[in-house]
Amino acid sequence: MRRFVFPILFLLAILSTFFAGSQLGLFDHPATAAVGEAEDKPADFDKIQRILELEHELADLKLLVEVKAIIKAFHLDGEKLTTEELLSAAAKGMTDALDEYSSFQTKEEVVKFEESLRGDYAGIGAYVNVTDGFFTIARPIYSGPAYSAGLRSRDRIVEVNGVSIIDKKLEESVQMLRGKPGTDVIIKVVRSGWTKPREMTITRAKVKIDSVKHQMLPGKIGLVRIYRFGTDTARDLERALVDLEKDHMVGLILDVRDNGGGWYKAAQLIVDKFLEEGKLIVYSAGRKGVEDRKDVHATDHSTHPNYPVVVLVNKFSASASEILAGSLQDHKRAVVVGETTYGKGSVQRPLEMQSRKGAKLILTIAQYHLPSGRSIHKVGVKPDIAVAEAEALEWWELQQIQNLLDKKVFEAYAKERYDAHKVLLHELAEYDGKDASRYPDFDKWYATLDTKAQKNTVRRYLREHLRMRISDDRRQEFFYNLQEDLQLQSGILSVLKKLEVDPKKIAEYKFFAETDTAKLNAPVPTSKEKAPAHP
């Protein structure tokens, strides 16, 4: 032990000199100053108190120094580990004792995080979240490497390069997936219907993430999908709104499903576009005297017209998505449709590290509250109209479908018929009326599959494959799925109800208008009730 006792003592001596000299001011807090004002104390009492406090600090630092020295002396990889790596790991360990959103970021990690806000980074290309302790793919970016490698929405990644990421912090898992363009990352994936995890190899690439996309739906209803909240999101949304309004939009649907958030300021700027000046958008509150209440009010003078607005949400809508939905909901400016959101309403502040240039300490300092005073954190935003996603298949039918996927029967169908029936298949990808007989040779093909999966289920998966094939063919994803998207259908009906327009008079909406109109008047489930299932 002698060989590292001397270095420890030497380092402690240096630290003592350092703290006693340049860092004395760190402990000049109000409590100490107040004691020093007493007349019966020596004039230099404050200095004595600070020295005693420094000695306590040094005693605490001795633990870190000792652990570092022992690791470097005895651990199998001790000679390979740098002091910087060990100190960064120690800092990360401290934040692990706090909450799931506090973290220590090295200079390199800070750079990558800022790249993600700009929407330009090297990684696998997917929107992600943590659900029940599992790192979950909310939606792959269709132009990215993850999608090309076979990763799909709701897949759960349990391992990255041989290291388990179950119960790891979201930021830590994201950093493990990122890396230099052209390098491979090996992941293990769990998917509903699979009997065991499967390995995938994904080649990282520079991924440019679209912030906002928009399109006009039948009936002059604008649909705007917000994929992320970054530094350019509010600007991109403004351009989309101006474009739609020029085309005489009469109602708007904002889709923040599967949007895990990002820069909360973007959500504030977006809400500002729909509220009159002076209206409270959101406020934050933390420890009294440390992070007192801060109100954010609408200031934008160019408020957009008072057309009906719907916000689509699901259980993967988090953080900035929840501020957007909840604030507009509180002001009765929008109807929220879908599922109760994720419930991430804490405020993180990035603090620059003086001892490590470029590194940051991300600390949870407060919680967000909506204008009504309700907190988002751990609760989420409950929809005005609760609409669950389509019911999942029974496990046995999922297994049957998985067997068909493993045999690549859908790929084989498309390969044999795609070129000869391209126009028809493009039409069916848009809308097939849930009629399997409209697909060329469907019954004959289905009979060869030797499956117990129902015809309608096979048709659904065939259509999904064709939509992916067509998306690849035209290098553009399908912007919406009017036929299968129950939440979008309810959003459309809600807008038309506000406009007092009969949805059955719009040809594209007839097929769901009669069966779904009653759902608009259904009560929102309480916390003890389940959201209504759809057939």
Side-chain angles (χ1 to χ4, degrees), residues 142 152-153 192-193 215 217-219 221 223 387-394 396-474 476-493 496 502-520 532-535:
Y142 297 120
R152 296 292 179 263
S153 300
S192 179
Q215 188 168 326
L217 300 178
I221 298 174
L223 174 61
V387 182
E389 293 181 327
E391 284 187 310
L393 300 176
E394 295 288 341
W396 63 267
E397 195 167 20
L398 275 172
Q399 190 61 58
Q400 291 290 310
I401 290 295
Q402 188 57 57
N403 290 339
L404 297 178
L405 291 169
D406 290 342
K407 294 176 182 177
K408 300 187 182 300
V409 299
F410 303 112
E411 289 91 329
Y413 178 95
K415 184 177 181 180
E416 293 175 10
R417 298 167 179 83
Y418 186 76
D419 290 335
H421 303 279
K422 185 176 288 189
V423 174
L424 174 59
L425 293 178
H426 275 243
E427 291 176 1
L428 295 176
E430 290 286 356
Y431 177 68
D432 68 4
K434 300 185 179 182
D435 183 356
S437 67
R438 296 179 63 186
Y439 289 84
D441 308 317
F442 184 90
D443 288 338
K444 182 180 178 181
W445 170 71
Y446 177 79
T448 68
L449 300 180
D450 189 26
T451 182
K452 295 180 181 178
Q454 300 177 44
K455 271 188 179 182
N456 186 55
T457 303
V458 174
R459 173 207 58 81
R460 195 174 81 185
Y461 276 83
L462 173 60
R463 180 170 178 263
E464 180 181 320
H465 176 77
L466 288 170
R467 285 169 70 88
M468 290 189 292
R469 169 71 183 267
I470 294 167
S471 295
D472 292 340
D473 190 32
R474 65 184 187 180
Q476 181 183 354
E477 66 177 295
F478 282 86
F479 192 61
Y480 58 92
N481 186 353
L482 190 58
Q483 178 176 299
E484 308 287 350
D485 192 339
L486 303 178
Q487 293 168 343
L488 176 58
Q489 292 174 9
S490 291
I492 291 169
L493 293 176
L496 294 177
D502 184 357
K504 293 188 287 295
K505 292 183 178 179
I506 300 176
E508 293 87 349
Y509 302 153
K510 275 185 178 180
F511 75 94
F512 65 84
E514 292 183 358
T515 57
D516 283 7
T517 301
K519 293 171 188 171
L520 291 177
H534 289 259

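The basis for the numbers below is simple: all heavy atoms, side chains too, and nothing from hydrogens, waters or symmetry mates. Everything quoted here is computed from the prediction, not taken from an experiment.
Among residues two or more places apart in sequence or in another chain, the side-chain contact (heavy atoms from CB on, under 4.5 Å) test is passed with Lys422 by Tyr418, Asp419, His426, Asp473. Not counting sequence neighbours, Tyr480 has no partner by the ring pair (Phe, Tyr, Trp, His ring centres under 6.0 Å) test. With sequence neighbours excluded, the residues that form a salt bridge (Lys or Arg N to Asp or Glu O under 4.0 Å) with Glu484 are Arg459, Arg463. With sequence neighbours excluded, the residues forming a ring pair (Phe, Tyr, Trp, His ring centres under 6.0 Å) with Tyr413 are Trp445, listed by chain and number. Scored by the side chain to side chain donor-acceptor pair (under 3.5 Å) test, Tyr439 finds Asp432 as partners (sequence neighbours excluded). When the side chain to side chain donor-acceptor pair (under 3.5 Å) test is applied to Ser437, the partners found at least two apart in sequence or on another chain are Asp435. Not counting sequence neighbours, Phe478 has no partner by the ring pair (Phe, Tyr, Trp, His ring centres under 6.0 Å) test. Every residue meeting the side chain to side chain donor-acceptor pair (under 3.5 Å) condition with Gln402, not counting sequence neighbours, appears here in chain and number order: Trp194, Asp406. Here Asp450 pairs with nothing under the salt bridge (Lys or Arg N to Asp or Glu O under 4.0 Å) rule; sequence neighbours left out.
Within the 4.5 Å cutoff, side-chain heavy atoms of Leu404 are placed close to those of Leu449. Taking the side chain as every heavy atom from C-beta outward, Val409 and Thr448 never approach each other to under 4.5 Å. Side-chain atoms of Leu482 and Tyr509, non-hydrogen and from C-beta on, do get closer than 4.5 Å to each other.
Put simply, CD on Glu430 and CG on Asn481 are 9.0 Å apart, with the number rounded to the nearest 0.5 Å. Going from atom CD1 of Ile401 over to atom CZ of Arg460 covers 8.0 Å, rounded to the nearest 0.5 Å.
A donor-acceptor contact shorter than 3.5 Å links the side chain of Gln483 to the backbone of Gly433.
Note: Phe442 and Tyr446 have parallel aromatic rings, judged against thresholds of 30 and 60 degrees for the angle between ring planes.
Within the structure, the salt bridge (charged side-chain N to carboxylate O under 4.0 Å, His left out) test picks out the following pairs touching residues 436-449 (sequence neighbours left out): Arg417-Asp441, Asp443-Lys455.
Across all non-hydrogen atoms, the minimal contact from Leu493 to Ala513 is CD2-CA, 4.3 Å. Nearest heavy-atom pair across Arg467 and Ala429 is NH1-O, 2.6 Å. For the residue pair Ala414 and Arg469, the shortest heavy atom distance occurs at CB-NH1, 3.9 Å.
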Side chain to side chain contact (heavy atoms under 4.5 Å, CB included) assessment of Leu217 paired with Phe479: CA-CA 10 Å; Leu217 300 178; Phe479 192 61; 5.9 Å; no
Chi angles and distances behind the side chain to side chain contact (heavy atoms under 4.5 Å, CB included) call for Ile506, Ile492: CA-CA 11 Å; Ile506 300 176; Ile492 291 169; over 6 Å; no
Residue pair Phe410, Leu466: steps toward the side chain to side chain contact (heavy atoms under 4.5 Å, CB included) verdict: CA-CA 8 Å; Phe410 303 112; Leu466 288 170; over 6 Å; no
Side chain to side chain contact (heavy atoms under 4.5 Å, CB included) between Leu488 and Leu223, worked out: CA-CA 10 Å; Leu488 176 58; Leu223 174 61; 4.3 Å; yes
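Each of Lys452, Glu397, Glu394, Gln400 was scored for a side-chain hydrogen bond (donor to acceptor under 3.5 Å, both in side chains) with Thr457, with one residue passing: Glu397.
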